[in-house]
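Chain A is the first sequence line, chain B the second, and so forth, proteins listed ahead of strands; every chain is numbered from 1.
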Amino acid sequence: MAFLASVNVMLKEGIADPQGQTIERALPALGFSGVEEVRVGKRIRLLVDASDEHDARRQVEDMCERLLANPVIESYEVIVES
Amino acid sequence: MAFLASVNVMLKEGIADPQGQTIERALPALGFSGVEEVRVGKRIRLLVDASDEHDARRQVEDMCERLLANPVIESYEVIVES
Amino acid sequence: MTTATSLHRDLGLTDDEFQQICDHLGREPSYTELAMFSVMWSEHCSYKSSRGHLKTLPTEGPHILVGPGEGAGIIEVAPGVAVAWKAESHNHPSFVEPFNGAATGVGGIVRDILSMGARPIALMDPLRFGTLDDARTRYLVDGVVHGISSYGNSIGVPTVGGEAIFEECYAENPLVNVACLGVIEDRLMHGRAEGPGNVAILIGSSTGRDGIGGASVLASAEFDETSAEKRPSVQVGDPFAEKLLIEACLELIARGVFVALQDLGAGGISCPTSEMTSKANTGMRVDIDRVHRREPGMEPFEVMISESQERMLAVVEPARVDEVLDVCRKWEIEANVVGEVTPSDRVEVVSDGEVVADVPADALAEEGPVYERHLERPGWIDRLQMEDPGDAAPDRLEDAFFAVLSSPNIASKRWIWEQYDHMIFLGTLQGPGGDAAVIRLPNSDVRVAITTDGPGRYCYLDPYEGARLAVAESARNVACVGARPLAVTNCLNFGNPEKPDVMWQFAEVIRGMGDACRSLVTPVTGGNVSFYNETKGRAIYPTPVIGMLGSIPEGVPARGLAFVSDNEPIVLLGRTDDNDLGGSEFAKTVHGVVAGRPPRLDIEAEARLIDLLVELRDLASSAHDPSAGGLAVALAEAAVVGGRGFKLGPRNGELHRWLFSESPSRALVTCRPDDVEEVLERADRNGVPAEVIGTTGGDVLGFAGCDIPLTSVTEVYEGALVETLSSSID
Amino acid sequence: MSGRVGIVVFPGSNCERDCEKAFRDLGAEPVMVWHGDRVLPDVDIVVLPGGFAHGDYLRTGALARFSPIMSAVRSHSGSGGLTIGICNGFQILCEAGMLPGALRKNTGLKFMCRTTRLRVANAETAFTSRADEGQVLRIPINHFEGNWYCSEDTLVSLQAKGQIVLTYLENPNGSFADVAGIVNEDGTVFGLMPHPERACEELLGSEDGAVILGSMLDHVTKRVAV
Ligand SMILES: Nc1ncnc2c1ncn2[C@@H]1O[C@H](COP(=O)(O)OP(=O)(O)O)[C@@H](O)[C@H]1O
Ligand SMILES: [Mg+2]
């Protein structure tokens with residue numbers, strides 16, 4: 001049975017995020033004031049074949065650990081829809 | 001008042017996604033069979049100062065239209081938490 | 001001041017060093033002071049194990065304007081034209097996080113060059129990894145190359161060459177060295193905080209908790225399982241910020257605003273504040289509340305040793321502060337006055353009006369501990385040198401040839417260097433793929449040649465000979481492209497210096513490097529020492545990477561390694577010793593052996609060959625030195641790159657010895673048929689043995705008695721590395 | 001031959017000096033223009049050079065299109081002046097909507113610096129007049145995001161109107177229909193991934209880039225002469 005999973009991969013707290021900082025610096029010039037703490041990460045969507053939702057989550061978390069995220073600098077969260 | 005907003009930017013359906021394909025090709029070697037339609041996009045999180053949730057969403061959608069996404073190849077969704 | 005005892009051990013300081021600190025201060029250090037000492041007295045910053053040995057290196061010469069001790073060596077390559085040349089290592093950070101480790105390594109060496117007032121114009125990346133059958137290694141290779149590519153390309157500095165060598169011993173200690181060439185555009189800068197009353201301005205990225213104890217601690221403590229805990233201190237590079245920093249600083253240097261300039265690297269802001277004042281016999285009062293921060297709630301000690309990237313500290317006369325701030329504003333880069341030069345000889349750190357550190361600058365920068373580490377020639381090396389070097393004849397010569405050619409150490413590194421912008425500045429007259437890169441300096445016709453070489457295997461078999469061979473090969477490589485070798489920078493990668501055999505290897509390498517540099521008159525203008533490249537007690541091969549710089553007179557035609565036209569005589573210069581197979585690529589790939597003695601070097605013969613190669617600028621249509629893989633590989637490279645084969649005359653004796661021997665002091669040159677007599681005559685005049693061994697042309701590699709089609713050779717040479725890496729994962 | 005060339009410098013541009021040298025060697029008069037300025041000096045040609053305008057974070061060229069100078073560049077091309085966007089400049093022109101399509105990551109997911117062979121698909125433009133239709137040019141590429149994309153319909157109309165100017169002989173990056181360079185409908189704005197300024201000197205391996213830069217100079221000097 002196929003489950004649709006989404007993974008959000010973001011840089012860990014405290015790790016510098018030049019992308020976010022650059023966007024943040026640019027926004028006021030575009031007329032957006034009052035925007036803070038911009039962080040840029042990755043969003044990954046995939047279809048995973050699993051016996052049940054729990055199994056799907058387990059598989060995707062495993063993928064994150066081994067491939068999708070870089071545990072040294074990134075943290076991730078997994079969302080599974082059925 | 002500050003709202004925490006998340007933006008998911010993905011390549012439009014039908015536009016080839018080499019990053020997704022690379023991951024899809026790599027997964028079997030790591031023992032993950034039955035994974036399909038992997039798509040890789042961006043996730044942007046930010047704090048926006050707004051009068052209310054509606055206003056926050058409006059601002060962030062505006063940012064997407066003008067900067068965060070490229071309408072030619074990308075679609076986006078905005079999530080606002082309070 | 002809150003003081004701190006016993007904590008010093010966690011910070012990597014010995015009890016004895018802690019006592020010395022107390023003696024310097026006449027009291028126990030505060031927490032902030034202890035942190036400052038811990039980074040400044042780390043092996044990485046203080047060279048406490050190596051200083052004594054480094055002193056023996058030749059550092060002076062007519063072309064050397066600035067030797068070791070500053071951000072980079074400065075060499076006069078033509079009348080009134082000066083370049084900066086320096087190498088650095090970023091080994092441990094790159095093992096922990098390959099992409100960012102390598103990227104910030106590039107950023108660091110570029111700021112070293114910038115601190116001299118030079119515009120960085122070329123990079124080289126000598127790399128060492130484990131073997132590619134290991135997935136983790138493939139991941140490291142991919143990440144490191146991507147990191148260098150992404151950082152170097154976006155700051156707009158071409159990466160024009162390097163090395164990529166794969167050996168088991170580097171599996172858990174990859175070496176990521178980077179060398180950078182810069183050109184002085186307006187004026188040479190010095191890191192001397194002259195003039196009490198002048199102010200210190202911190203320019204660049206905001207300060208976060210990046211690499212608290214990062215490089216210093218990481219680079220000064222042996223790796224083990226616990227290193228995982230150090231991981232959060234990974235630093236992320238911001239090439240865009242670096243680009244702005246470069247442009248802003250160069251504009252300010254051109255305006256003559258800076259009294260002094262220094263980069264912030266290992267040791268954070270503790271480093272320039274103490275080093276610049278120590279050099280000038282001044283002091284500095286630092287108000288760290290004015291350091292722009294990325295994170296709230298940082299402790300004073302964190303600000304003082306944070307290794308946040310892309311920052312420089314400038315000393316400026318008060319009257320010109322606004323000018324500095326304006327230029328930085330234009331370049332959209334932050335800058336703040338954070339301190340003042342004082343007549344005292346102390347670095348005072350103030351936070352919330354409270355003095356949190358008050359230390360003699362010399363104590364931090366100059367008077368760190370120096371160790372005469374115990375060294376001892378290990379018994380194993382005698383046994384190793386006695387062993388069979390693996391020089392037995394192969395079953396089939398052709399198989400051996402392809403085995404060697406397809407070794408990742410030999411095969412084309414195109415997969416790597418095509419990921420690097422190696423063309424920007426329109427100065428890369430010869431890029432990656434040759435013996436040395438040839439760079440035409442911006443807005444001039446002055447040309448310099450640069451290369452890096454570090455035969456770890458030879459140094460493992462005999463560190464003294466290996467180091468001499470490294471210097472000889474690098475000099476030969478620049479001579480091959482027609483340049484006169486001028487000066488050396490280096491990156492010395494070793495295991496744990498607290499072990500007598502590692503320290504012996506280090507001492508021997510220094511001795512060999514010094515002797516060779518003296519003989520070839522190529523002084524050492526600076527470099528970098530990286531110890532503790534050791535995991536679970538297993539050390540890397542002693543790996544001195546020599547960065548050689550040479551100059552080419554204006555108007556000399558660029559000369560590559562490729563056979564450029566058919567029917568040209570191929571002349572082999574120098575003597576081939578059939579027994580120089582110890583530590584060779586043949587022995588390793590065909591017999592799986594690394595033993596015996598490395599090739600024998602006659603440095604005088606090397607010097608004569610170099611003179612000849614330089615003299616042959618006008619006659620030789622190509623030149624290439626047989627190094628790893630010997631004549632067989634050198635001939636194959638010249639054929640593949642030139643797109644034409646060759647035919648050798650018959651030979652007697654064991655062909656595999658002649659073809660794969662790695663005897664130094666040799667080069668292959670080609671020339672027009674009418675010129676061959678002249679070439680041989682000049683060789684004779686220079687006392688260099690010379691022999692016509694064949695002619696160019698055709699579509700086969702005609703090794704005496706064994707013809708191999710050029711197409712299949714090209715396929716293997718160009719494809720081998722890509723194939724082994726293709727299973728690599730982004 | 002003369003011709004005034006304004007080279008726009010964004011904070012992260014890094015090919016501006018190379019463009020300056022190439023145009024000067026061809027006899028033109030290049031001047032640098034800061035991206036923060038609102039007016040262009042009196043120039044016949046505007047160059048958006050290669051580099052990483054604002055670090056190319058988020059998307060290449062995404063921020064550059066908001067630079068104050070860009071409206072001046074628009075009116076320059078609106079009034080018939082020539083504009084060339086090289087590499088990052090091409091990306092900026094697409095982001096700014098001055099050229100159709102968008103540039104994605106190379107299919108190989110690797111940065112590529114190599115000399116490519118290009119076919120001149122339209123030699124009638126102000127940017128290719130020195131070339132013959134079908135002529136093959138050797139010019140280096142140097143990018144991570146050169147994989148050009150547009151919709152099928154857009155492509156059809158571009159082809160119909162001869163707006164596809166350069167195509168790759170060996171497609172290096174997955175670009176749609178092998179496209180390497182395109183012009184706008186008026187033929188005044190040209191965007192291409194390859195770097196002609198890197199191929200204007202025999203010492204550097206090719207002089208084919210001068211075909212493109214020289215064509216532009218021919219065009220503007222003719223116009224000036226008239
Ligand atoms: N990591 C790298 N980055 C860039 N260029 C490289 C790299 N590794 C090897 N090269 C290039 O490949 C060519 C062959 O390298 P090498 O075999 O070390 O040359 P040599 O034997 O003459 O010292 C050189 O031009 C070198 O610059
Ligand atoms: Mg060589």
Practice problem: Specify the closest pair of heavy atoms between B:V60 and B:A5, including all atoms of both residues, with the distance to one decimal. | Solution: CG2-CB, 3.8 Å
Quiz prompt | Residue B:I44 versus chain A: region with a heavy atom under 4.5 Å | solution = both
What are the sub-3.5 Å donor-acceptor pairs between chain B and chain A, distances to 0.1 Å?
from	atom 1	to	atom 2	distance (Å)
B:L30	O	A:R66	NH1	3.2
B:L30	O	A:R66	NH2	3.4
B:G34	O	A:D49	N	3.0
B:E36	N	A:L47	O	2.8
B:E36	O	A:L47	N	2.8
B:R39	N	A:R45	O	2.8
B:R39	O	A:R45	N	2.9
B:G41	N	A:R43	O	2.6
B:G41	O	A:R43	N	2.9
B:R43	N	A:G41	O	2.9
B:R43	O	A:G41	N	2.6
B:R45	N	A:R39	O	2.8
B:R45	O	A:R39	N	2.8
B:L47	N	A:E36	O	2.8
B:L47	O	A:E36	N	2.7
B:D49	N	A:G34	O	2.9
B:R66	NH1	A:L30	O	2.9

Quiz item: Is B:M63 close to B:L46 at the side-chain level, that is, under 4.5 Å between some pair of heavy atoms?
Solution: yes
Self-check item: B:L68 side chain near A:I23 side chain, heavy-atom distance below 4.5 Å
Solution: yes
Quiz item: Taking every heavy-atom pair that is under 4.5 Å apart, which of B:L4, B:V38, B:V48 has the most such pairs with chain A?
Solution: B:V38
Self-check item: Criterion side chain to side chain contact (heavy atoms under 4.5 Å, CB included) on A:L27 and B:L67, from CA distance to verdict
Solution: CA-CA 9 Å; A:L27 283 170; B:L67 175 65; 3.9 Å; yes
Quiz item: Can you name the nearest heavy-atom pair linking B:A69 to B:V9, along with the distance?
Solution: CB-CG1, 4.1 Å
